[in-house]
Amino acid sequence: MLKPGQRMATTGIRDPANFRAPSEQALMAGWRSGLSIINLRGNPEDAAFRAAVAGVLDLEPPIQPCSSVSDSMRRLVWAGPDEWFVIGPRDPNVSTESQLRTALQGIHHAVTDVSGGYMVLRMQGAAAREVLAQGCPLDFHPRTFRPGCSAGSLFFKATVLLWQTDDTPIYEVLVRRSFMGYVWLMLERGTRECGLIAHHVQ
């Protein structure tokens, strides 16, 4: 697996016969570092629950299935009828988990910091849709999957949760840490034609 900041022109670099120089079509991908990833459970029909979460995050949990909301700091991703992932930069001075627990006292909820079990992979560039579609059964056509959309699915044999952040397009994929090596290997194999540029992502 490539380390953050390391670049490769194409996955064929292991086989000189397959080597190609990187192109404008190359996929840029990297693991985001320094993230806080929190699993949040609660009743979306409870106005007090939504208000308490919004008071901490400045974002209300999205109620629409397969959607996400974000601001400049965080993203809330719908993961089920009563479940969300809260993803944002980790602040050593402020515990979002503790803030949520305090705000939600007396309200039915569950808050679990799962940062140690997950990583977020960012993929961007013209090839992103095609590379994802190789291993994921979702329809990534812009008419169907747009910024703000999210979905739980598979990337080859790895269970993932993914969402689109903008029209570049940029996608982010929530991956269990135990599957990181496998997911990256499949990225390498899926970008032999377009090329892969690995980069460090904050």
Side-chain angles (χ1 to χ4, degrees), residues 1-11 22-39 57 59 62 66-79 84-91 96 114-136 138-142 145-156 158-202:
M1 185 177 70
L2 294 180
K3 297 179 180 179
Q6 185 177 354
R7 295 165 65 93
M8 70 181 298
T10 175
T11 56
S23 69
E24 294 181 357
Q25 300 300 311
L27 177 73
M28 295 186 66
W31 300 102
R32 294 188 60 188
S33 62
L35 288 181
S36 165
I37 303 174
I38 295 171
N39 182 256
L57 305 177
L59 292 169
C66 299
S67 66
S68 71
V69 296
S70 67
D71 59 16
S72 60
M73 290 293 293
R74 298 184 181 90
R75 181 172 294 274
L76 268 69
V77 185
W78 187 93
W84 301 264
F85 280 94
V86 183
I87 300 170
R90 181 178 293 279
D91 186 338
T96 302
V114 294
S115 307
Y118 290 89
M119 288 289 287
V120 173
L121 175 69
R122 176 174 290 178
M123 303 170 58
Q124 64 188 82
R129 288 189 181 95
E130 289 73 14
V131 173
L132 275 174
Q134 290 181 44
C136 184
L138 297 176
D139 181 359
F140 291 103
H141 192 282
F145 205 95
R146 301 176 296 276
C149 289
S150 69
S153 189
L154 294 173
F155 185 64
F156 294 96
T159 301
V160 299
L161 177 66
L162 57 88
W163 54 93
Q164 185 174 346
T165 68
D166 68 19
D167 289 316
T168 303
I170 295 177
Y171 298 93
E172 291 186 334
V173 187
L174 185 69
V175 180
R176 291 186 181 274
R177 284 183 183 265
S178 57
F179 281 105
M180 285 175 64
Y182 170 78
V183 167
W184 193 266
L185 175 63
M186 300 315 292
L187 272 189
E188 290 181 336
R189 292 181 176 180
T191 52
R192 285 182 173 142
E193 292 186 5
C194 65
L196 173 63
I197 300 175
H199 67 120
H200 181 71
V201 185
Q202 292 292 336

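These figures come from a predicted structure and were not determined experimentally.
To the nearest 0.5 angstrom, Ser153 atom OG is 4.0 Å from Leu138 atom CG. Residue Leu132 holds its CG atom at 4.5 Å from CZ of Phe140, rounded to the nearest 0.5 Å. To the nearest 0.5 angstrom, Tyr171 atom OH is 13.0 Å from Ser150 atom OG. Taking CG from Leu161 and CG from Leu174, the interatomic distance works out to 5.5 Å, rounded to the nearest 0.5 Å. Of the inter-residue distances, the one linking Cys149 atom SG with Trp78 atom CH2 reads 12.5 Å to the nearest 0.5 angstrom.
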**Request:** Could you give me the CA-CA distance, side-chain angles and deciding distance for Leu35 and Ile87, then say whether side-chain contact (heavy atoms from CB on, under 4.5 Å) is met?
**Result:** CA-CA 7 Å; Leu35 288 181; Ile87 300 170; 4.0 Å; yes

**Request:** Starting from the C-alpha separation in whole Å, work towards a yes-or-no answer on side-chain contact (heavy atoms from CB on, under 4.5 Å) for Arg32 and Leu121.
**Result:** CA-CA 6 Å; Arg32 294 188 60 188; Leu121 175 69; over 6 Å; no

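Looking at Gln164 and Arg129, their side chains come closer than 4.5 Å, going by heavy atoms from C-beta outward.
Contact detail for Pro62 and Trp84: the closest heavy-atom pair is O-NE1, 2.8 Å. In plain terms, the two heavy atoms of Asn39 and Phe85 that are nearest each other are ND2-CZ, 3.6 Å. Here the shortest heavy-atom pairing between Ala128 and Leu27 reads CA-CD1, 3.7 Å. When all heavy atoms of Trp184 and Ala198 are compared, the closest pair comes out as CZ2-CB, 3.6 Å.
Take Ser36 and apply the side-chain hydrogen bond (donor to acceptor under 3.5 Å, both in side chains) test, not counting sequence neighbours, and it matches no residue. Residues satisfying the side-chain hydrogen bond (donor to acceptor under 3.5 Å, both in side chains) test with Trp163, not counting sequence neighbours, are Glu172. For the side-chain hydrogen bond (donor to acceptor under 3.5 Å, both in side chains) test, residues two or more places apart in sequence or in another chain that qualify with Arg176 are Tyr118. In terms of the side chain to side chain contact (heavy atoms under 4.5 Å, CB included) criterion, residue partners of Ile170 (sequence neighbours excluded) are, by chain and number, Arg122, Gln124, Thr165, Asp166, Thr168. Every residue was checked against the ring-ring contact (aromatic ring centres under 6.0 Å, His included) condition with Phe155, not counting sequence neighbours, and none meets it. Taking the side chain to side chain contact (heavy atoms under 4.5 Å, CB included) definition, one finds that Phe156 meets it with Gln134, Tyr182, Met186, sequence neighbours left out. Checked against side-chain hydrogen bond (donor to acceptor under 3.5 Å, both in side chains), Ser68 has the following partners two or more places apart in sequence or in another chain: Arg75. Every residue meeting the side chain to side chain contact (heavy atoms under 4.5 Å, CB included) condition with Met119, not counting sequence neighbours, appears here in chain and number order: Trp31, Arg177, Met180. For Arg90, the salt bridge (charged side-chain N to carboxylate O under 4.0 Å, His left out) partners at least two apart in sequence or on another chain are Asp113. Listed by chain and number, the residues in a side chain to side chain contact (heavy atoms under 4.5 Å, CB included) with Asp71 are Asp58, Leu59, Met73, Arg74 (sequence neighbours excluded).
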